Amino acid sequence: MLYTSEEMKLNNTAPESAMRQFFRLIPILLLAILCCAPGALCQSSFKLVKKNGHYYTDATVNGNAATPVFVETGFHGMVVSTEWYDKILASLPLEEIKLDNEEYLHTDRTTRRIVKLLKGKVPVGDLTYEGRVFVVDTQEDYVTVPVNLLKNETDTTKSLIRFDFKKNVMDFVRHEDVSQDKMRTYTLVENDPMPIFVAPMELSDAYGHHLTKSGKFNFDLGNGSGVFFFRKTMLPALKENKFKIQTSRDKSGKIIGQGIYAGYCKIGDKANTGFSIGITNKIEDTDELGCVGPSFFKNGTIIISPADSLIYYR
């Protein structure tokens, strides 16, 4: 093929121009890769790892990359051991709250002595946790973070917290980035410190006993079972409707409380069949009926929208 001298000149300069454009793009490409890399400072999406019914991830906490995090929504604040506090949080200007007496942090699983109670802001990836920080006397090798209290202060339009239990991913997204078509909703009546929603419940056991009851439920990511009842609010209703209360045991056979076998349980528009529901007596000061965990939604999607006071579910 023949070229004119002018065409030859253009063809010779075209590769040089393309190379200059490429080199100009390198810093932009590196920044994009850095922001998407796991453990980088620009982090608003987290890969979840499921262990024994609970979810964990790695996050950059106060600049400390790959910090192991217990992903929670059922806690009153961030929880760290004294070792983890000294390692990753001691440099922050957190305000200490004076404890008049020796106090303990109680959950349905354990009780821990509070060594120090603080409040303030803690950077978690590209997000910010603001609230109470419990420094406890424990040997836990992770930091407990109530992820429903995380906010994206860099991009406030990313205000939805999405949990994809099929892909095991938690991310913070914009309204326009997700489709709520065919998704049902719970009404969120509280999100600080825990996401509490109200819904009607239909319940029956394998023996033909049945009840309907409306009330509050805690959407608890740390709940290893699909549904967990609180003794104070649910046991009287179960006994009144002749439900068979059985002894509840853990995997080792140790008695951990009471429970029922639910032949059918529907909360809102979501129903499941054939599973056990434990009843705990460790949580008394509440008017909630119980906790609803991720396994109740199986491989579905949950989106918490605090601004709209809604929890979307599929």
Side-chain angles (χ1 to χ4, degrees), residues 52-55 70-77 79 103-112 134 144 146 148-149 186-207 209-251 254-268 270-297 302 304 311 313:
N52 300 320
H54 306 299
Y55 288 93
F70 179 27
V71 179
E72 256 288 5
T73 57
F75 271 51
H76 288 272
V79 182
E103 295 189 23
Y104 294 83
L105 184 64
H106 302 281
T107 70
D108 61 319
R109 289 182 293 273
T110 185
T111 296
R112 287 162 287 188
F134 295 89
T144 299
N148 57 299
L149 297 182
Y186 295 129
T187 300
L188 192 65
V189 295
E190 183 181 332
N191 189 52
D192 188 357
M194 305 176 190
I196 308 295
F197 66 90
V198 293
M201 176 179 64
E202 298 178 31
L203 182 69
S204 62
D205 64 10
Y207 305 96
H209 306 114
H210 180 82
L211 72 79
T212 59
K213 190 175 180 66
S214 293
K216 298 178 183 179
F217 295 89
N218 180 349
F219 173 57
D220 183 8
L221 278 172
N223 187 9
S225 57
V227 179
F228 212 83
F229 288 151
F230 298 145
R231 181 184 181 93
K232 176 184 176 181
T233 51
M234 278 301 299
L235 192 59
L238 293 171
K239 287 184 174 180
E240 180 182 345
N241 289 275
K242 311 300 182 183
F243 278 75
K244 185 176 181 180
I245 311 300
Q246 302 175 350
T247 299
S248 178
R249 301 175 182 269
D250 62 17
K251 293 181 179 180
K254 179 183 177 182
I255 296 175
I256 57 174
Q258 295 176 306
I260 65 167
Y261 184 79
Y264 177 81
C265 180
K266 183 179 181 182
I267 300 176
K270 182 66 177 178
N272 270 324
T273 58
F275 65 103
S276 296
I277 299 179
I279 305 169
T280 179
N281 59 0
K282 293 185 178 180
I283 299 176
E284 290 290 338
D285 187 22
T286 182
D287 60 350
E288 300 159 29
L289 302 185
C291 297
V292 179
S295 61
F296 186 72
F297 304 94
I302 296 289
I304 299 180
I311 295 180
Y313 63 96

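The structure displayed is predicted, hence computed values, not measured ones.
Taking the side chain as every heavy atom from C-beta outward, Thr212 and Pro200 never approach each other to under 4.5 Å. Residues Thr280 and Phe230 have side chains in contact (heavy-atom distance under 4.5 Å, counting atoms from C-beta outward). Using a 4.5 Å cut-off on side-chain heavy atoms (C-beta onward), Glu288 and Glu190 make no contact. Counting heavy atoms from C-beta outward, Asn218 and Pro195 have side chains that approach closer than 4.5 Å. Residues Leu235 and Ile245 have side chains in contact (heavy-atom distance under 4.5 Å, counting atoms from C-beta outward). The side-chain heavy atoms of Tyr207 and Lys242, taken from C-beta on, include no pair separated by under 4.5 Å. Contact of the Lys270 side chain with the Tyr186 side chain is registered, since non-hydrogen atoms from C-beta on lie closer than 4.5 Å.
Across Cys265 and Ile277, no two heavy atoms sit closer than the pair SG-CD1, 4.4 Å. The shortest non-hydrogen separation linking Ser295 to Gly224 is OG-O, 3.9 Å. Taking both residues in full, the closest heavy atoms of Asp220 and Pro294 are given as O-CD, 3.5 Å, listed atom of the first, atom of the second, then distance.
Under the rule for a ring-ring contact (aromatic ring centres under 6.0 Å, His included), the partners of Phe217 that lie at least two apart in sequence or sit in another chain are Phe197.
Side chain of His54 to main chain of Gly222: a donor-acceptor pair is present (N/O by atom type, distance under 3.5 Å, no hydrogens or angles). Distance alone, capped at 3.5 Å, places no donor-acceptor pair between the Thr144 side chain and the Phe70 backbone.
The only option from Asn148, Ile302, Thr73 that meets the side chain to side chain contact (heavy atoms under 4.5 Å, CB included) definition with Leu221 turns out to be Thr73.
The distance from the CG atom of Leu203 to the CZ atom of Phe229 is 5.0 Å, given to the nearest 0.5 Å. Taking OH of Tyr264 as the start and NE2 of His210 as the end, the distance is 8.5 Å to the nearest 0.5 Å. Here the straight-line distance linking atom CG of Asp205 with atom CG of Leu238 works out to 9.0 Å at 0.5 Å rounding. Distance check: Gln258 CD to Arg231 CZ gives 5.0 Å after rounding to the nearest 0.5 Å. In this structure, the separation between CG on Asn191 and CG on Leu149 is 6.0 Å, given to the nearest 0.5 Å. To the nearest 0.5 Å, the span separating CD1 on Ile260 from NE2 on His209 amounts to 11.0 Å.
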Requested in this report: Check the pair Arg112 / Val79 against side chain to side chain contact (heavy atoms under 4.5 Å, CB included), numbers first and verdict last.
Outcome: CA-CA 10 Å; Arg112 287 162 287 188; Val79 182; 4.1 Å; yes
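Taking the six-membered ring for Trp and thresholds of 30 and 60 degrees, Phe219 and Phe297 have ring planes more than 60 degrees apart, a perpendicular arrangement.
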